[in-house]
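We count residues from 1, following the sequence as given.
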Amino acid sequence: MASACIPPATTQPTLPSGAAVFKTVPYAFILPEILCGTWVWILVAATSVSFPLLQGWVMYVSLSSCLISLLLLLSYLFGFHRNSENWKVLDSLYHGTTAILYMSAAVLQANATINSEFGPNSPLYYQLNSAASFFAFVTTFLYILHAFSIYYQ
């Protein structure tokens, strides 16, 4: 009868470290984010960058996001978070902000793709810009999934 009065122990979910990062749902998105973002940067850099204002922003967002996400992935792999709840907030804020920035970059890249359709070296640059636009939207979706999935763990 005394055991019925004891409240159940609440276990706080732990943040993954090491290889468990790749098996846990919101954190498993980090590596695909890095890979797709790298493709965006490579594909835009492979074109002549005919629209420097548009594609410069795309390259800045993709490269800086890849580097920061890589640092975040390494911090999870090596356990720098020390299972602090503040890391969840930091992770969510970073991925939410980056999703917004990537959405703007993806729209600008799509605009650059449309403008490159009839430019010099049209078929090649149009195809590269189209692929960059595709990966930019996929990367945006991955960042959105990561930002929202932290709350549904």
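Note: Tyr94 and Tyr143 have perpendicular aromatic rings, judged against thresholds of 30 and 60 degrees for the angle between ring planes.
One hydrophobic cluster holds both Leu145 and Leu72 under the rule that ILVMFWY side chains link at heavy-atom gaps under 4.5 Å. Under a hydrophobic-cluster definition in which Ile, Leu, Val, Met, Phe, Trp and Tyr are linked whenever side-chain heavy atoms come within less than 4.5 Å, directly or via other members, Trp41 and Ile30 are assigned to the same cluster. Residues Val61 and Val107 fall into different hydrophobic clusters, defined by Ile, Leu, Val, Met, Phe, Trp and Tyr side chains chained together at heavy-atom separations under 4.5 Å. Leu71 and Tyr27 are not part of a single hydrophobic cluster, where members link through side-chain heavy atoms under 4.5 Å apart. Clustering ILVMFWY residues whenever any of their side-chain heavy atoms sit less than 4.5 angstrom apart, transitively, puts Met103 in a cluster other than the one holding Leu142.
No side-chain heavy atom of Glu117 sits under 4.5 Å from any side-chain heavy atom of Tyr125. Proximity of Glu33 to Leu73: side-chain heavy atoms (C-beta onward) are nowhere separated by under 4.5 Å. With a 4.5 Å cut-off on side-chain heavy atoms, Ser62 and Tyr102 count as touching.
Atom SG in Cys36 sits 14.0 Å away from atom CZ in Phe137 (nearest 0.5 Å). Once rounded to the nearest 0.5 Å, the distance linking CG of Asp91 with OH of Tyr76 reads 3.5 Å. In this structure, the separation between OG on Ser75 and CG on Leu70 is 9.5 Å, given to the nearest 0.5 Å. Residue Thr139 holds its OG1 atom at 11.0 Å from CD1 of Ile34, rounded to the nearest 0.5 Å.
When each of Val44, Leu43, Thr38, Leu35 is tested with Phe135 by the rule side-chain contact (heavy atoms from CB on, under 4.5 Å), just one qualifies, namely Leu43.
For Trp39, there are no side chain to side chain donor-acceptor pair (under 3.5 Å) partners, not counting sequence neighbours. Listed by chain and residue number, Thr113 satisfy the side chain to side chain donor-acceptor pair (under 3.5 Å) test with Ser133 (two or more places apart in sequence, or in another chain).
Put simply, the side chain of Thr97 gets close to the backbone of Leu93: a donor and an acceptor are under 3.5 Å apart. Looking at Thr98, its side chain never comes within 3.5 Å of a backbone N or O of His95 through a donor-acceptor pair. Although no hydrogens or angles enter the test, the distance criterion places a donor-acceptor pair under 3.5 Å between the side chain of Ser104 and the main chain of Leu101.
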Determine whether Phe29 and Ile144 satisfy the following criterion, side-chain contact (heavy atoms from CB on, under 4.5 Å), listing intermediate values before the conclusion. CA-CA 10 Å; Phe29 293 132; Ile144 290 170; over 6 Å; no
For the pair Gln109 and Asn129, evaluate side-chain contact (heavy atoms from CB on, under 4.5 Å) and give the outcome as yes or no after the intermediate values. CA-CA 7 Å; Gln109 180 57 36; Asn129 282 323; 3.0 Å; yes
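When all heavy atoms of Ser92 and Ala147 are compared, the pair lying nearest together is OG-O, 3.7 Å.
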